[in-house]
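The structure appears right after this line, and notes come after that.
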2 protein chains.
Amino acid sequence: MKYIDKLRNSGLRPTKQRLQICEVLFNTEKTFHFTINELEQKIKDKIDCKISLATVYNTVHAFEKKGYLKQIPINSNQTYFDTNVTDHHHFYDLKDQKLIDLENSDVGPINIKKKINGKRIKSVEVLVKLED
Amino acid sequence: MKYIDKLRNSGLRPTKQRLQICEVLFNTEKTFHFTINELEQKIKDKIDCKISLATVYNTVHAFEKKGYLKQIPINSNQTYFDTNVTDHHHFYDLKDQKLIDLENSDVGPINIKKKINGKRIKSVEVLVKLED
DNA sequence: ACCTACTTTATAATGATTCTAAATAAGTGT
DNA sequence: ACACTTATTTAGAATCATTATAAAGTAGGT
Ligand SMILES: [Mn+2]
Ligand SMILES: [Mn+2]
Ligand SMILES: [Zn+2]
Ligand SMILES: [Zn+2]
């Protein structure tokens with residue numbers, strides 16, 4: 001019931017698959033980072049029936065487009081997504097290949113002084129790479 | 001002649017292919033950003049003979065390992081490299097899919113206050129996404 | 001119930017990257 | 001110059017995340 005309105009208000013039909021994916025993605029205290037394959041595994045663990053991989057991709061992209069998920073730019077062969085869609089920064093642990101959130105207070109305000117003609121700043125993200 | 005010592009000192013044999021790739025990558029006033037396919041095109045334009053795609057990949061990875069190139073993390077299906085290996089930040093133009101360097105003075109110092117036990121900061125990079 | 005547009009799904013296609021193994025080239029010592 | 005060893009190049013195949021296809025299923029409206 002919890003996610004039916006959210007989906008309807010976004011113009012997305014509240015199908016069984018989308019509602020189950022909502023449960024996995026959004027029915028948690030903490031936000032988290034994931035790849036498509038990790039999400040597929042989480043879905044398998046939490047839910048009895050199978051959702052096809054194509055639907056997982058479709059749904060994640062639909063949710064991203066609606067602003068319920070965002071991509072995190074890191075150099076990996078897989079795309080990383082974030083259920084925390086607020087503006088925030090990341091540690092990236094190169095050994096474990098894990099993302100860790102940084103609070104904005106951990107980084108401080110960033111003032112971009114350069115301007116590009118005819119372009120607006122959409123986001124400012126800091127990536128801090130960690131090694132041992 | 002210019003790059004033979006550079007390669008030898010890195011433990012890389014100065015082959016014809018590597019020297020030609022050095023010309024394309026490093027024999028310019030300005031640094032630049034590229035994908036493997038863009039580099040392959042540049043090589044074709046500047047040079048008579050063909051270098052196999054496998055060699056372009058091998059060479060770029062070898063140069064990256066030696067610190068003569070670095071990867072730029074952005075969400076793209078292709079990996080972006082940078083001949084500017086100093087610590088610096090980027091604009092990413094979402095429409096044109098082009099990277100633009102930011103000077104450190106354009107961003108100011110970034111002080112990461114959070115610490116992770118047993119990990120050291122390797123790099124701090126800011127990515128500023130631009131839209132129209 | 002019926003219609004239509006949206007969604008799911010299995011499967012195939014795509015495409016960047018990596019792997020393989022055979023042919024070449026570079027460095028080293030004689 | 002030659003023989004020998006090791007690094008490198010290369011064409012082609014393999015990998016694998018992601019996207020496209022198109023047929024079957026579903027949601028929501030009339
Ligand atoms: Mn990607
Ligand atoms: Mn990549
Ligand atoms: Zn995050
Ligand atoms: Zn740069």
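Per chain, numbering begins at 1; letters A, B, ... match sequence-line order.
For dT9(D), the OP1/OP2 oxygens have no side-chain nitrogen or oxygen of Ser52(B) closer than 4.0 Å. The shortest distance between the side-chain N/O atoms of Gln17(B) and the OP1/OP2 oxygens of dT10(D) is below 4.0 Å. Residue Thr79(A) places no side-chain N or O under 4.0 Å from the OP1 or OP2 atom of dA17(D). Distances shown here put a side-chain N or O of His61(A) below 4.0 Å from the OP1 or OP2 atom of dT19(D). Applying the 4.0 Å criterion to OP1 and OP2 of dT18(D), one finds that Tyr57(A) has a side-chain N or O inside that range.
Between Asn37(A) atom CG and dT19(D) atom P the separation is 13 Å, expressed in whole Å. Nucleotide dT9(C) holds its P atom 10 Å from the CD1 atom of Ile43(A), rounded to whole Å. Between the C1' atom of dA21(C) and the CG atom of Asn58(B) lies a distance of 14 Å, rounded to the nearest Å. Ile21(A) has its CD1 atom 13 Å from the P atom of dT7(C), to the nearest Å. Per the geometry, CG belonging to Asn75(A) stands 16 Å off C1' belonging to dT18(C), to the nearest Å. Distance CZ (Phe63(B)) to P (dT8(D)): 11 Å, rounded to an integer number of Å. The CD atom of Gln78(B) sits 20 Å away from the P atom of dC16(D) (whole-angstrom rounding). Whole-Å rounding puts the Leu19(B) CG to dA7(D) P distance at 19 Å.
Criterion: ILVMFWY side-chain heavy atoms under 4.5 Å apart, direct or through other members. Under it, Tyr57(A) and Ile43(A) are part of a common hydrophobic cluster. Cluster membership for Val24(A) and Leu12(A), using ILVMFWY side-chain heavy atoms within less than 4.5 angstrom, is shared.
No side-chain donor-acceptor contact under 3.5 Å links Thr83(B) to the backbone of Thr31(B).
Under a cut-off of 6.0 angstrom, the local environment of NZ in Lys113(A) is crowded, with over 12 non-hydrogen atoms contributed by other residues, nucleotides or ligands. Under a cut-off of 6.0 angstrom, the local environment of NZ in Lys122(A) is sparse, with at most 12 non-hydrogen atoms contributed by other residues, nucleotides or ligands.
For Asn77(B), the listed nucleotide lying nearest its side chain is dA16(C); candidates were dA10(C), dT10(D), dA16(C).
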Tell me, with the steps shown, if Lys119(B) and Asp132(A) meet salt bridge (Lys or Arg N to Asp or Glu O under 4.0 Å). CA-CA 5 Å; Lys119(B) 303 283 180 182; Asp132(A) 290 303; 2.9 Å; yes
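A cation-pi arrangement is found for Lys6(A) relative to Phe26(A), the charged atom lying closer than 6.0 Å to the ring centre and inside a 45° cone about the ring normal. Stacking of Lys42(B) on the aromatic ring of Phe34(B) is not recorded, the 6.0 Å distance cut-off and the 45° axial limit not both being met.
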Under 3.5 Å between N/O atoms: give me all the protein pairs with nucleotides 28-30 of chain C, atom names plus distance.
none

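The shortest side-chain heavy-atom distance between His89(B) and Asn104(B) falls under the 4.5 Å cut-off.
Along DNA chain C, the nucleotide nearest Leu53(A) and the nucleotide nearest Arg18(A) are compared for position; the residue whose nucleotide lies closer to the 5' end is Arg18(A). Ranked by how close their nearest DNA chain C nucleotide is to the 5' end, Leu12(B) and Tyr80(B) are led by Tyr80(B).
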For nucleotides 20-29 of chain D, read 5' to 3', which letter fits each nucleotide if B means a protein heavy atom sits under 4.0 Å from the base, S means only the sugar-phosphate is that close, and - means neither? ------BBS-
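Residues Asn37(A) and Gln41(A) have side chains that never bring a donor and an acceptor to within less than 3.5 angstrom of each other.
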